[in-house]
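Heavy atoms only: backbone and side chains are in, while hydrogens, waters and symmetry mates are out. Read the numbers this way: they start at 1 and go in the same order the structure lists the ligands and their atoms.
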Amino acid sequence: MKRRNLLLGGGAIAALGLTAHSITRGRSYEAAAAEIWAPRARQSMGEFDFLVHHATLAANSHNTQPWMFSGGADAVTIHPDFTRATPAVDPDNHHLFASLGAAAENLSLAASAAGRTSDIAFLADQDVVRIDLGATGAATDPLFDAIVERQCTRSIYDGRQVPAEGLDLITQAAQVPGCSLMLITDKPLMEQVLELIVAANTAQIHDPAFVSELKHWLRFNAGQAVSHRDGLYSACSGNPSLPGWIADLAFGLVFTADAENAKCVDQVRSSAGFAVFFTDRNDAAHWVQAGRSYQRFALTATALGIRHAFLNQPVEVARFRPELAKLLGTGDRRPDLVVRFGYADPMPRSLRRPLGDVIVAA
Ligand SMILES: Cc1cc2nc3c(=O)[nH]c(=O)nc-3n(C[C@H](O)[C@H](O)[C@H](O)COP(=O)(O)O)c2cc1C
């Protein structure tokens, strides 16, 4: 689960005499997920709802969905929802604004599917992202179809490498002003990045505020996940569903630095490479750009059958950021996001809140 790995190990589950099947209310979860991720025709809903729906399918930190949408026929504004901030893991709201950028990119692609041109801007005086919508007649961007296929896949991958043409396509698609993408496929360098991931992961797991915040956003069974429609559902990370009281007891036993680090090692060594996103300046406008670039990377990878998942520990624990920048030779620029990629089967999908919960009056 953390998003990353928190895994209630099979041994612990067996010791409790439970099986995932016996305690998962999977059917209602699957129905909710299927409805959220079903491809939608433009005519199936109003244009504004169509745009916002696709925006909400973007990746977002801890799946808090820290956004609200307002607007109409000419423009959509994405507002930060600071009530859904995660101050322990993201004290400067970097991830929150990157999440808004990812949503803006999806919204722009949905606009193309609605025949509209679009222009994304960050309004620094209001801390919002505005997407101006232009004339009708625009062609649908081929990345639009990947929106409903993209997911963060936190499993062990199959070890295959990505062909050079695929790496080129991903790099080109992720171009966004103010943000650079570095793809790392060199195994010794990947091991050095892994060392930083493990060190930062250890620091996070020993930080009570980080663990408490993470636990707040974990959804330990299908019932919890469906009632909240946000947060990190265990099955999305390949973990069994558990009744809340058992999860409370088991969490402290199985969420240890050693266990989590071992998973990070297996995840990285089964991956084809890392994608690291850097921005030119360390401000909200550029964090939005990092989120946009990630989303374009992710959709392009998805269209090519390539999976990905974040391993952001060394950019979340601030003291590791300069070390990562030094290792990768990127000077003073802030490393924003760390993502592994490779090949794997799909995992269960995450949920989203209904549109009525995220649309506000202009
Ligand atoms: C800025 C940002 C930071 C994230 N950091 C992590 C992370 O460190 N580890 C992780 O497993 N997932 C991370 N995620 C992925 C989210 O948890 C994921 O997008 C969310 O749970 C929804 O799932 P989905 O992307 O599969 O729809 C991050 C996403 C964003 C946009």
Side-chain angles (χ1 to χ4, degrees), residues 1-7 32-33 36-37 54-67 80 84-86 88-90 92-106 146-155 179 196-197 200-201 204-205 210 213-214 217-219 225 228-239 260 263-264 267-268 271 274-277 279 284 286-299 301-302 307-317 320 334-341 344 346-353:
M1 324 196 207
K2 159 151 187 171
R3 329 154 319 147
R4 29 204 75 148
N5 303 310
L6 155 58
L7 298 174
I36 289 165
W37 293 96
H54 287 94
T56 66
L57 299 183
N60 64 95
S61 183
H62 277 22
N63 199 22
T64 69
Q65 304 163 41
W67 43 48
R84 292 176 166 267
T86 49
V89 69
D90 188 30
D92 57 4
N93 288 317
H94 168 281
H95 282 3
L96 187 151
F97 281 102
S99 302
L100 302 194
E105 198 60 37
N106 269 14
I147 289 177
V148 293
E149 302 296 333
R150 186 209 60 82
Q151 63 165 220
C152 289
T153 309
R154 299 185 186 86
S155 53
C179 183
L196 291 179
I197 290 170
N201 195 46
Q204 285 184 326
I205 292 173
F210 170 86
E213 181 180 87
L214 172 61
W217 288 102
L218 290 175
R219 308 291 175 242
H228 288 273
R229 292 178 60 141
D230 62 12
L232 301 159
Y233 174 38
S234 52
C236 296
S237 301
N239 302 313
E260 296 307 305
K263 284 166 208 148
C264 289
Q267 290 172 349
V268 169
S271 298
F274 281 116
V276 184
F277 298 82
T279 43
H286 286 78
W287 304 339
V288 167
Q289 295 300 83
R292 291 182 59 193
S293 182
Y294 153 76
Q295 190 70 18
R296 295 187 60 79
F297 154 89
L299 294 173
T302 301
R307 305 263 169 211
H308 72 280
F310 289 85
L311 281 170
N312 271 329
Q313 293 91 332
V315 296
E316 289 169 350
V317 183
F320 289 99
R334 173 176 179 155
D336 289 273
L337 300 167
V338 179
V339 179
R340 67 186 173 101
F341 60 87
M347 298 285 283
R349 314 305 304 272
S350 59
L351 298 187
R352 296 295 187 273
R353 290 177 293 148

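Put simply, the side chain of W217 does not reach to within 4.5 Å of the side chain of N63, judged on heavy atoms. The shortest distance between side-chain heavy atoms of Q313 and V338 does not fall below 4.5 Å.
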What do the steps show when you test V317 against F210 for side chain to side chain contact (heavy atoms under 4.5 Å, CB included), and what is the final call? CA-CA 10 Å; V317 183; F210 170 86; over 6 Å; no
Start with the C-alpha distance between D90 and E316, add both sets of side-chain angles, then the distance that settles side chain to side chain contact (heavy atoms under 4.5 Å, CB included), and finish with yes or no. CA-CA 7 Å; D90 188 30; E316 289 169 350; over 6 Å; no
Could you please spell out the steps behind the side chain to side chain contact (heavy atoms under 4.5 Å, CB included) verdict for Q295 and L57? CA-CA 11 Å; Q295 190 70 18; L57 299 183; over 6 Å; no
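Set against the non-hydrogen atoms of H62, the atoms of ligand 1 under 4.0 Å away are 17 (O). For ligand 1, the atoms sitting less than 4.0 Å from at least one non-hydrogen atom of H95 are 1 (C), 3 (C), numbered in the order shown with element in parentheses. Of all the atoms in ligand 1, the ones that sit under 4.0 Å from a non-hydrogen atom of Q151 are 26 (O). Under a 4.0 Å criterion applied to the non-hydrogen atoms of L232, ligand 1 contributes the atoms 17 (O), 21 (O).
Between F297 and F277, the two ring planes are perpendicular [angle over 60°; tilted spans 30° to 60°].
Within the 3.5 Å criterion, the main-chain N or O of R154 finds no donor-acceptor partner in the side chain of S237. A distance-only check finds a donor-acceptor pair linking the side chain of R353 to the backbone of Q65 [under 3.5 Å]. Between the W37 side chain and the I147 main chain, no donor and acceptor come within less than 3.5 Å of each other. Panel note: side chain R352, backbone T56; a donor-acceptor pair is recorded below 3.5 Å.
Taking only nitrogen or oxygen atoms, main chain and side chain alike, C152 reaches within less than 3.5 Å of ligand 1. Taking only nitrogen or oxygen atoms, main chain and side chain alike, S99 does not reach within less than 3.5 Å of ligand 1. Every N/O-N/O distance between W37 and ligand 1 stays at or above 3.5 Å. Here's the thing with N312: one of its N/O atoms is less than 3.5 angstrom from an N/O atom of ligand 1. Ligand 1 has a nitrogen or oxygen under 3.5 angstrom from a nitrogen or oxygen of R352. Of the polar atoms of R154, at least one N or O is found under 3.5 Å from an N or O of ligand 1, judged by distance alone.
Selection from T153, N63, N60, L57 by nearest heavy atom to atom 18 (C) of ligand 1 gives N60.
The proximity of E316 to ligand 1, defined as any non-hydrogen pair under 4.0 Å, is limited to the side chain. Here L337 has side-chain heavy atoms under 4.0 Å from ligand 1, and that is the only part of it that gets that close.
Distances shorter than 4.0 angstrom do not occur between any heavy atom of L96 and any atom of ligand 1. Heavy atoms of R150 approach ligand 1 to within less than 4.0 angstrom. The shortest separation from a heavy atom of M347 to ligand 1 is not under 4.0 Å, leaving the residue out of contact.
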